[in-house]
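Scroll down for the structure; my scribbles are underneath it.
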Amino acid sequence: MESFTDDRQRRGELPRLVVTRALPDELSRRIARGWDVWTNPFDRTLTADELIAAAERQRAEVLLVMAMDRIDAQVIERLPDAVRIIATLSVGHDHIDLDAARARGIAVVHTPDILSDAVSEIALMLMLCAARRAREGERMLYERTWQGWSPTQLLGRDVTGARLGVLGMGRIGRTIARRARTAFDMELHYHNRSRLAPGLEEGAIYHPDAEGLLAASDFLVLAAPSNPQTRGFLNRERLALLPRGAIVVNIARGDLVDDEALVAALQSGHVAAAGLDVFNGEPDIHPGYLDLPNVFLQPHQGSSTVGTRVRMGHMLLDAIEACSAGQSVPNRLV
Ligand SMILES: O=CC(=O)O
């Protein structure tokens, strides 16, 4: 893209930015040094109208947005012409209509790689907590119902040596697989649209069809992006292919799962437990999950460490600066 910073620099003006949620201090300080910024003062996601009005008021050239901001074709069409870059503080970009952005000549950048470690930590946490019935154990203590150790108390599932199926062996999926193998000696299986080069497979067995993966998964981790091919992936028919007593973990996007079907499988015990960090219609949650003891829930925490969020922010700001100066960056999507 053409540089839009030269004109500004000539006029002695700072480039103009809208940030849709307050950022960690280190990032806000960097932004305050180099940008004329408006940051959403509310502790909630902006509506489409609010976002567009903010972009207009601010005459923003850049929008720094979050995965919760819905930047669909209608929003992109209504953005003022000044907007040149949309930067999302996320690796996922299913909330942005890339074709609509391309059509308006708006660049889109995101934060791949840098959050794979943090997200894989959450995936392993969900696997462990679901398998070892952490929620029920914690509740017993908080509710003061614990009667003391017993040989039959809250028996869970072995993680060590179990079969882990990864749907989506991208950067995050591979990091989860590597950790699961080295920490818990798990037998790895995966399904992707196409087979990875052997050096990237982490020793996992490739299943050319998802059905084969499901049948081989004591633990199933959903790590694929949300797109028309993956939306609604884990439906009733596919859940039935999991071995009885399997554990389901979702760190990707809520819409990969048919909630009614998963709740029914958890109720019947066909799926022994689930660990979920992402939900359809966040921040709403299917009420069925809240009534079940065998689910361990987190509020979309995958990349939420101080270090990871700060690194994600710097990565975005570097990319914005490079794109504004007309340079190319590897984390540009459009
Ligand atoms: O969900 C978070 C992300 O996509 O980074």
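Just so you know, ligand 1 is whichever comes first in the structure, and atom 1 is the first atom listed for that ligand. In this chain, numbering begins with 1 at the start of the sequence shown.
A salt bridge is absent between D94 and R231; no separation between the charged side-chain nitrogens and carboxylate oxygens falls under 4.0 Å.
Scanning for side chain to side chain contact (heavy atoms under 4.5 Å, CB included) contacts around E282 gives M68, V278, F279, H300, with sequence neighbours left out. Not counting sequence neighbours, the partners of P80 by the side chain to side chain contact (heavy atoms under 4.5 Å, CB included) test are A55, E56, V83. Every residue two or more places apart in sequence or in another chain was checked for a salt bridge (charged side-chain N to carboxylate O under 4.0 Å, His left out) with R332, and none qualifies.
The aromatic ring centroids of H110 and H93 lie less than 6.0 Å from each other.
Counted by atom type alone, N40 and T20 present zero donor-acceptor pairs between their side chains at under 3.5 Å.
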List ligand 1's nitrogen or oxygen atoms that come under 3.5 Å of a protein nitrogen or oxygen, with the partner atom and distance.
| from | atom 1 | to | atom 2 | distance (Å) |
| --- | --- | --- | --- | --- |
| ligand 1 | 1 (O) | R253 | NH1 | 2.7 |
| ligand 1 | 1 (O) | R253 | NH2 | 3.3 |
| ligand 1 | 1 (O) | H300 | NE2 | 2.6 |
| ligand 1 | 4 (O) | V91 | N | 3.3 |
| ligand 1 | 4 (O) | G92 | N | 2.8 |
| ligand 1 | 4 (O) | R253 | NH2 | 2.8 |
| ligand 1 | 5 (O) | V91 | N | 2.8 |

